[in-house]
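Here's the structure, in structure tokens; my notes come after.
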Amino acid sequence: MAGKLIAENRRARFDYFLEQSVECGIALTGSEVKSLRNGKANIAESYAAVEGDEIVLVNADIPPYAQAGPHFNHEPRRHRKLLLKRREIDRLIGAVQREGRTLVPTKLYWSDKGMAKLEIALAKGKKVHDKREATAERDWQRDKARLLRDKG
């Protein structure tokens, strides 16, 4: 990732074990691009799903562009096609169908060439005890840093 960050899914690291990440493009309309240029997007509840022989981004919220008016705007939560090479698509579809993995979007950003890019990760869901363990570890690291700072 090199460009300017638009949106980040910070909850993904807490809810999933992220294994492998892939950068992909997104098929967008003009009003969606202008809305993203304003820095408005939310990928927190979104996921990538397999539809036929392609992968689409589901439930990502890109609000309508205010200056476009009602006729030339887009549907905020429509399914958006992800642009990947056929070999990558086949590999991701195989991992989702055979191994029971999930495709989770982690970052939405601008590339150096000004294109909107999405980073999706192949993920495995965490159980409740894994989440509790991660929370306890994070709390201990915070307390340890506080103790070292105060004593040292």
Side-chain angles (χ1 to χ4, degrees), residues 1-139 142:
M1 188 194 90
K4 184 180 173 228
L5 189 67
I6 301 168
E8 187 175 18
N9 187 356
R10 294 177 61 185
R11 187 139 179 92
R13 292 201 188 287
F14 182 73
D15 289 337
Y16 299 96
F17 292 113
L18 302 181
E19 294 171 354
Q20 196 174 32
S21 63
V22 178
E23 178 187 73
C24 57
I26 318 168
L28 299 171
T29 63
S31 60
E32 288 173 329
V33 173
K34 287 185 173 244
S35 189
L36 287 179
R37 289 259 177 237
N38 287 341
K40 297 190 179 356
N42 183 12
I43 58 169
E45 314 87 49
S46 63
Y47 60 96
V50 177
E51 283 188 5
D53 62 343
E54 39 184 55
I55 297 176
V56 294
L57 181 64
V58 179
N59 209 20
D61 184 34
I62 300 175
Y65 183 59
Q67 286 83 359
H71 304 293
F72 302 106
N73 244 317
H74 60 274
E75 184 66 35
R77 290 188 180 264
R78 73 178 183 90
H79 293 198
R80 294 168 180 91
K81 182 179 174 183
L82 297 182
L83 308 173
L84 291 156
K85 295 193 173 181
R86 175 54 48 196
R87 185 177 291 142
E88 287 179 328
I89 291 173
D90 292 339
R91 183 176 55 82
L92 292 173
I93 288 174
V96 167
Q97 290 176 344
R98 282 191 300 276
E99 302 166 23
R101 300 288 190 253
T102 306
L103 294 172
V104 180
T106 54
K107 291 179 185 155
L108 180 61
Y109 58 93
W110 296 109
S111 72
D112 290 335
K113 295 181 179 179
M115 307 292 246
K117 297 289 183 178
L118 182 72
E119 182 182 276
I120 57 173
L122 205 55
K124 183 179 172 187
K126 282 187 181 178
K127 304 278 191 266
V128 174
H129 60 86
D130 293 328
K131 292 180 187 179
R132 242 182 280 146
E133 190 176 296
T135 304
E137 178 66 26
R138 189 180 58 224
D139 290 345
R142 189 182 313 122

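In this text, all values refer to a predicted model and were calculated from it rather than measured experimentally.
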Q.
Does either side chain, that of Q20 or that of R91, offer a donor lying less than 3.5 Å from an acceptor on the other one?
A. yes
Q: To the nearest 0.5 Å, tell me how far Y47 OH sits from L57 CG.
A: 10.0 Å
Q.
Run I55 and V96 through side-chain contact (heavy atoms from CB on, under 4.5 Å) and show every step you take.
A. CA-CA 11 Å; I55 297 176; V96 167; over 6 Å; no
Q. Is the backbone N or O of E32 less than 3.5 Å from a side-chain atom of S35, with the two atoms forming a donor-acceptor pair by type?
A. no
Q: Report yes or no: does T135 contribute a side-chain atom to a donor-acceptor pair with the main-chain N or O of K131 at less than 3.5 Å?
A: yes
Q) Say you draw a straight line from OG1 of T102 to CG of L122; how long is it, rounded to the nearest 0.5 Å? A) 8.5 Å
(Q) One pair to check against side-chain contact (heavy atoms from CB on, under 4.5 Å): E45 and R77. What are the steps and the verdict? (A) CA-CA 11 Å; E45 314 87 49; R77 290 188 180 264; 3.3 Å; yes
**Q.** Flag, side chain of H79 to backbone of N59, donor-acceptor distance under 3.5 Å
**A.** no
Q) Should R87 and D90 count as an ion pair when the cut-off is N to O under 4.0 Å? A) no
**Q.** Atom pair CD/CD1 of E8 and I6 - distance to nearest 0.5 Å
**A.** 12.0 Å
Q | Residues R142, E137: salt bridge by 4.0 Å N-O rule | A | no
Q. So with a 6.0 Å cut-off around CD of E133, is the heavy-atom count from everything else above 12?
A. no
**Q.** For the student: nearest non-hydrogen atoms of L82 and A48, plus distance
**A.** CD1-CB, 4.1 Å
**Q.** D15/K126 ion pair, N-O < 4.0 Å
**A.** no
Q.
Side chains of K81 and I26, heavy atoms from C-beta outward: is any pair under 4.5 Å?
A. no
Q.
Looking at N9 and P105, would you say the former's side chain and the latter's main chain have a donor-acceptor pair under 3.5 Å?
A. yes
Q: May I ask you to decide if R78's main-chain N or O and R80's side chain share a donor-acceptor pair within less than 3.5 Å?
A: yes
Q.
Working to the nearest 0.5 angstrom, can you tell me the gap between W110 CH2 and R37 CZ?
A. 4.0 Å
Q. About how many Å separate CG of L83 and NZ of K117, when rounded to the nearest 0.5 Å?
A. 7.5 Å
(Q) Could you measure the distance from the CD1 atom of I89 to the SG atom of C24? Nearest 0.5 Å is fine. (A) 9.5 Å
Q) For the residue pair L28 and A116, what are the closest heavy atoms and their distance? A) CD1-CB, 3.9 Å
Q) Is any side-chain N of the basic residue among K124 and E99 closer than 4.0 Å to the acidic one's carboxylate O? A) no
